[in-house]
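Structure record follows, encoded as structure tokens.
One-based numbering, in listed order, for ligands and for the atoms of each.
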Amino acid sequence: MKTKEIMAYLEKTYGHEKEYLQAVHEVLESVESVYEQHPEFFKYRILERMVEPDRMFTFKVVWQDDAGNVQINLGYRVQFNNAIGPYKGGLRFHPAVTPSTLKFLGFEQTFKNALTTLPMGGGKGGSDFDPKGKSNAEIMRFCQAFMVELWRHIGPDTDVPAGDIGVGTREIGYLYGMYRKLARENTGVLTGKNLTWGGSLIRPEATGFGGIYFVEHMLKTQNIALKGKTIAISGFGNVAWGAALKAHELGAKVVTISGPDGYIYDESGLNTEKIDYLLELRNSNNDIVAPYAKKFAGAKFIPGKKPWEVKTDIALPCAIQNELNGDDARLLIQNGVTCVAEVSNMGCTPEAINEFVKAKILFAPGKAVNAGGVATSGLEMTQNAMHISWTTEEVDARLKTIMQNIHEACVLHGTADDGYINYVKGANIAGFLKVAKAMYEQGIV
Ligand code: 2IT
């Protein structure tokens, strides 16, 4: 089938899975011309095989809350593609999680992991469990019940989950504890572990750090320095934290963070103390940023709004998919934005991306910008397999090289005749070619 026929088939079959269709549509559009240059891929029906996950597990998770009530949630693991390595990707605990969310994330992960240059396939999982307002004991019981079902589907050379929204070091700890007990082995089956039990230095910061390294490369193509630039960030979780930390260290000024309740505008910029406070906010499980404005004088809380209305040089979506739409994009452009990079997965709507590309603004997609997170998970897997730990400097140096390589791959495949770098196209083509070649060479399976 040609790319348009594949899309029509998917729309007919999975019409209600909007996010999944959005992610696939973007990739099909980018790779169309390349696909036509490879009749061998066409003959092997590589694209049709690539857009459909290998398999998807759905399971019931039953647990008891602190009041003694029985709670029931749904758990999932999507094993999308393992042509270049074990399935690899995070677990998301969020009430809005559906099969469509996880299929979009698993699909994106396949391309992202290919871009890292490390041998990892794509997968994703999670649950509609809402961590908001849950006690530590409830989080632990939920994670344990989740792993009782998940453990039979994963393994250090089969499928290696990690964190995502709602799943951090604490949750990975509870998940790992139950896996270790059931499987009777201590392996690198999960990444994002804490340092004393197999984790890697830099992993918590890696998504944000990698994102800022990538932004530096983007700016460099226009001879622009990061130092002194203002940055609007959304979110206040792990990703926002890492990005703020590195941006501050490199002399940029982060002026916003946000939550479901609204956003914080801090004109003087986040400093180390304020950045540390993000972790406190996240760990409180309240899912609000308003307390920041009470704690730090001069910071304003703007309820119910997103941070894209502030005047900024750089905008970094660091929260959730489709958090920046066409109107937001037009406002950012009007206010003179230079660079927009998705540190969250599919942070911008297709309409927003079109606006940035039309205006020839530096814009890069999540699968390139946030690949430092999963890349460092890959480095954690390597350290676990070798039974050694690398130093901060070693991990950081590898992360920097990986982000530079991803940027080069985007430039190679995404530069138009007029010199504009279409990072969406570049990332999609580079990821596609790697996975397609591996599938082709491994035959019809
Ligand atoms: O979206 C992502 O790349 C992640 N949540 C991290 C995945 C991983 O396996 O570290």
| message | Taking a cutoff of less than 4.0 Å between a non-hydrogen atom of the residue and any ligand atom, is Lys112 in contact with ligand 1? | response | yes

| Does some non-hydrogen atom of Met120 fall short of 4.0 Å from ligand 1? | no

| task | On the 0 to 90° scale, with breaks at 30° and 60°, tag the Tyr20-Phe80 ring pair as parallel, tilted or perpendicular. | result | tilted

Answer yes if the side chains of [X] and [Y] hold a donor-acceptor pair under 3.5 Å, and no otherwise.
X      : Y      : value
Tyr9   : Glu48  : no
Glu351 : Asn325 : no
Tyr423 : His407 : yes
Asp266 : Tyr292 : yes

Considering only heavy atoms of [X], which atoms of ligand 1 have at least one such atom less than 4.0 Å away?
X      : value
Gly163 : 4 (C), 5 (N), 6 (C)
Ser377 : 8 (C), 9 (O), 10 (O)
Ala162 : 8 (C), 9 (O), 10 (O)

| said: Below 4.0 Å, non-hydrogen atoms only: which portion of Glu380 touches ligand 1? Side chain, backbone, both or neither. | reply: neither

| query | Is ligand 1 under 4.0 Å from a heavy atom in the side chain of Asn345, in the backbone, in both, or in neither? | reply | side chain

| Gap between atom CZ of Phe59 and atom CG of Asn73 - 0.5 Å precision | 11.0 Å

| message | For Phe146 together with Trp63, are the ring centres under 6.0 Å from each other? | response | no

| request: Report the member of Lys124, Lys367, Met381 with the shortest heavy-atom distance to atom 4 (C) of ligand 1. | output: Lys124

| field | Nearest-contact summary for atom 7 (C) of ligand 1 - protein heavy atom, Å | value | Gly90 N, 3.5 Å

